[in-house]
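One structure is given below, encoded as structure tokens.
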Amino acid sequence: MNDMKDSNDINSDEDEQEYQRRIDSIKPHYSTEEELLQFNIEDVTKFIANLEKSNVELASAYIEDPDPVYYEAMTENVAIIEKKKNQLIELQNLLLEKQGLFIYNIVTYNRNKQKMSKKLLYLGQNEAIKMDVLLMGKEYGFSVDQLMELAGLSVASSIYKVYNPSTLSKKVLTICGPGNNGGDGLVAARHLVHFGYKVDILYPKRTDKDLYKNLTLQCEHVGCELIGSLPTLEEIINTYSLVVDSIFGYSFKGDIRAPFDSIINTLSMLPSDLVPIASVDIPSGWDVEQGNIRNTFTPGLLISLATPKKCAENYKGFHYLGGRFLPKSFLEEMNIEIPKYPGSEQCVDISFQEHEDPTL
Ligand SMILES: NC(=O)C1=CN([C@@H]2O[C@H](COP(=O)(O)OP(=O)(O)OC[C@H]3O[C@@H](n4cnc5c(N)ncnc54)[C@H](O)[C@@H]3O)[C@@H](O)[C@H]2O)[C@H](O)CC1
Ligand SMILES: [K+]
């Protein structure tokens, strides 16, 4: 046990100070600010990777011997990883700024004190549908399965950032609806398994199209279990650490019909501190433009796809943007401005704290 604790000493304050001393001592060798930023980005990335590796080791040690010390060490690691990831995003944005790629007119700040554009557009329902038609038309030439794959990957990537598998002790339940939002959920479920989660899927109203049949098959092949009906509230709490809501997206209209009415009712009774919900594109049951008018659940994480929709304008939880597939020409044609994705990331944190003073 002591050996494991020692290998985790990277967490300690002394190590952090040592790390800072090392960075400071190296600074003079870098001739430009851009080079220094590049170096810092690489260093923080390695630091995060080491901690994540250490957490995987701690997690397997904990499974063999559920000593709370392992758990505490993992929790400490997770907090440091979160801090370092925020630092990484700031460094990446600084680099973008240095390279002249951050061009925003009106500036506000998100929870990571990143500069964000006020011009970021919240689409209405018809605009979102129009956008889809345009993307998949002759001019832009995308196919639905291409976009769905990128959308689903970005959902899984966002979940990984907010609800890291090392912090979850139970499985993830992905609930899929009958349309493309459900398809995004199937893709996300498969990637979540690749990222280290155990995933069950509830897919009560399946479509006969090959795309959905294949996505379901692929999920089964990576080990997702397809469950027949929604477990009781108590069973959900005992079995799952997270619910992924991919029931309805931007085409949802009217009163919620069966079987999704009772599913959404149950989800609305779920204590969010015990089992948070991650919603794909739209929190299911919310009006696409007016938001939570039916007083259903509020997700802990919302992953808006391509651009956020109007219902998310006053959303206060973790908010990520994914679906990194919009070409510049398309953004110009639609007169949309979206935040820059850092590096090769599939998602970007757009959780707003509009009135926060970034210098505090
Ligand atoms: N360009 C993009 O950003 C992409 C987004 N994607 C995802 O696709 C959904 C929109 O998909 P769509 O198939 O148009 O619709 P939904 O999934 O929202 O749902 C349609 C489905 O739901 C049924 N339905 C509608 N209203 C109700 C109701 N009141 N009660 C019960 N059932 C209802 C309807 O009959 C249909 O069967 C978008 O949000 C993104 O998640 C793409 O994956 C990639 C491109
Ligand atoms: K949804």
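Source: prediction; values computed, not measured. Each ligand, and each atom within it, is numbered from 1 in the order the structure gives.
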- [ ] Kindly confirm or rule out an N or O of Phe325 lying under 3.5 angstrom from an N or O of ligand 1.
- [x] no
Open item on the list: Suppose we only count N/O/S atoms under 3.4 Å; would Ser246 qualify as near the K ion (ligand 2)?
Closed with: no
Task: Metal proximity, Gly249 vs the K ion (ligand 2), N/O/S cut-off 3.4 Å - done: no
TODO: Confirm or rule out an N/O/S atom of Asp245, from backbone or side chain, lying less than 3.4 Å from the K ion (ligand 2).
DONE: yes
Task: Glu149, His221, Glu220 screened by side-chain hydrogen bond (donor to acceptor under 3.5 Å, both in side chains) with Arg190, the one that passes - done: Glu149
Task: Polar side chain donor-acceptor pair, Asn77 to Asn55, under 3.5 angstrom - done: yes
Open item on the list: Applying a heavy-atom cut-off of 4.0 Å, say which part of Asp281 lies close to ligand 1: side chain, backbone, both or neither.
Closed with: side chain
Task: Heavy-atom nearest neighbour in the protein, as seen from atom 34 (C) of ligand 1, with distance rounded to 0.1 Å - done: Arg257 NH2, 4.5 Å
Task: Close approach, Gly323 and ligand 1, non-hydrogen under 4.0 angstrom - done: no
Task: Heavy-atom donor-acceptor pair, Ser246 side chain to Ile175 backbone, under 3.5 Å - done: yes
TODO: Would you mind running through ligand 1 and noting each atom that sits below 4.0 Å from a heavy atom of Asp255?
DONE: 28 (C), 29 (N), 30 (N)
Open item on the list: Any heavy atom of Phe260 closer to ligand 1 than 4.0 angstrom?
Closed with: no
TODO: Pull out every atom of ligand 1 sitting under 4.0 Å from any heavy atom of Gly179, numbered as shown with elements.
DONE: 13 (O), 17 (O), 21 (C)
- [ ] Looking only at protein heavy atoms, identify the closest one to atom 12 (P) of ligand 1 and say how far it is in Å.
- [x] Ser251 OG, 3.5 Å
Task: Angle, O of Val280 through the K ion (ligand 2) to OD1 of Asn181 - 10° precision - done: 80°
- [ ] Ignoring hydrogens and angles, state whether a donor on the side chain of Ser284 or Asp245 is under 3.5 Å from an acceptor on the partner side chain.
- [x] yes
Task: Shortest non-hydrogen separation from Lys213 to Asp208 and the atoms involved - done: CE-O, 3.2 Å
Task: Ser284 backbone or side-chain N/O/S under 3.4 Å from the K ion (ligand 2) - done: yes
TODO: Apply the salt bridge (Lys or Arg N to Asp or Glu O under 4.0 Å) test between Glu345 and each candidate in Arg324, Lys340, Lys161; give the one that qualifies.
DONE: Lys161
TODO: Identify, for atom 3 (O) of ligand 1, the protein heavy atom at the shortest distance, and state residue, atom and that distance.
DONE: Ala306 CB, 3.6 Å
Open item on the list: Determine whether a donor-acceptor pair (N or O, by modelled atom type, separation under 3.5 Å) exists between the side chain of Ser60 and the backbone of Val56.
Closed with: yes
TODO: Could you see which bit of Val144 sits under 4.0 Å from ligand 1, with heavy atoms only: side chain, backbone, both or neither?
DONE: neither
Task: atom 9 (C) of ligand 1 [closest protein heavy-atom partner, distance rounded to 0.1 Å] - done: Asn181 N, 3.7 Å
Task: Shortest protein contact, atom 2 (C) of ligand 1 (heavy atom only) - done: Asp132 OD1, 3.3 Å
TODO: Check whether any N, O or S atom of Gly177, backbone or side chain, sits closer than 3.4 Å to the K ion (ligand 2).
DONE: no
Open item on the list: Please evaluate residues Leu302 and Ser304 with respect to the criterion side-chain contact (heavy atoms from CB on, under 4.5 Å), reporting the C-alpha separation (whole Å), side-chain torsions for both, the decisive distance (0.1 Å), and the verdict.
Closed with: CA-CA 6 Å; Leu302 171 65; Ser304 292; 4.0 Å; yes
Open item on the list: For atom 26 (N) of ligand 1, what is the closest protein heavy atom, and at what distance to 0.1 Å?
Closed with: Lys253 N, 3.2 Å
TODO: Return yes if a side-chain donor-acceptor contact under 3.5 Å exists between Asn292 and Thr296, otherwise no.
DONE: yes
Task: Candidate with minimal heavy-atom separation from atom 10 (C) of ligand 1, of Phe142, Phe248, Tyr250 - done: Tyr250
Open item on the list: Using a 4.0 Å cutoff against the non-hydrogen atoms of Leu305, which atoms of ligand 1 qualify?
Closed with: 3 (O), 40 (C), 41 (O)
Task: For atom 16 (P) of ligand 1, closest protein heavy-atom neighbour - done: Gly249 N, 3.6 Å
Task: Side chains of Gln125 and Lys253, donor plus acceptor under 3.5 Å - done: yes
Open item on the list: Can you give me the closest heavy-atom contact between Pro178 and Ile247, atom names plus distance?
Closed with: CD-O, 4.0 Å
Task: Salt bridge Lys328-Glu332, side-chain N to carboxylate O under 4.0 Å - done: yes
Open item on the list: Between Tyr250 and Asp132, do the side chains contain a donor N or O and an acceptor N or O under 3.5 Å apart?
Closed with: yes
TODO: Taking all non-hydrogen atoms of both residues into account, name the closest pair between Leu186 and Tyr212 and its distance.
DONE: CD1-O, 4.2 Å
Task: Ring-face cation contact, Phe47 with Lys84, 6.0 Å cut, 45° max - done: yes
Open item on the list: Looking only at the side chains, is there a donor atom on one of Glu333 and Tyr140 sitting less than 3.5 Å from an acceptor on the other?
Closed with: yes
Task: Criterion side chain to side chain contact (heavy atoms under 4.5 Å, CB included) against Leu91, the qualifying member of Asp43, Leu36, Ile41 - done: Ile41
- [ ] Please work out whether any backbone atom (N, CA, C, O) or any side-chain heavy atom from C-beta onward of Asn180 is under 4.0 Å from ligand 1, and answer side chain, backbone, both or neither.
- [x] both
- [ ] Give a rough value, rounded to 10 degrees, for the angle at the K ion (ligand 2) between atoms O of Ile282 and O of Phe248.
- [x] 80°
TODO: Report the nearest protein non-hydrogen atom to atom 36 (C) of ligand 1: residue, atom name, distance rounded to 0.1 Å.
DONE: Pro178 CG, 4.2 Å
Task: Residue Pro283, metal the K ion (ligand 2), N/O/S under 3.4 Å - done: no
Task: Numbered atoms of ligand 1 (with element) below 4.0 Å of Gly254, judged on heavy atoms - done: 29 (N)
Open item on the list: So, 4.0 Å and heavy atoms of Asp184: is ligand 1 close enough to count as a contact?
Closed with: yes
- [ ] Check each atom of ligand 1 against the heavy atoms of Leu147 and keep those under 4.0 Å away; list them by number with element.
- [x] 44 (C), 45 (C)
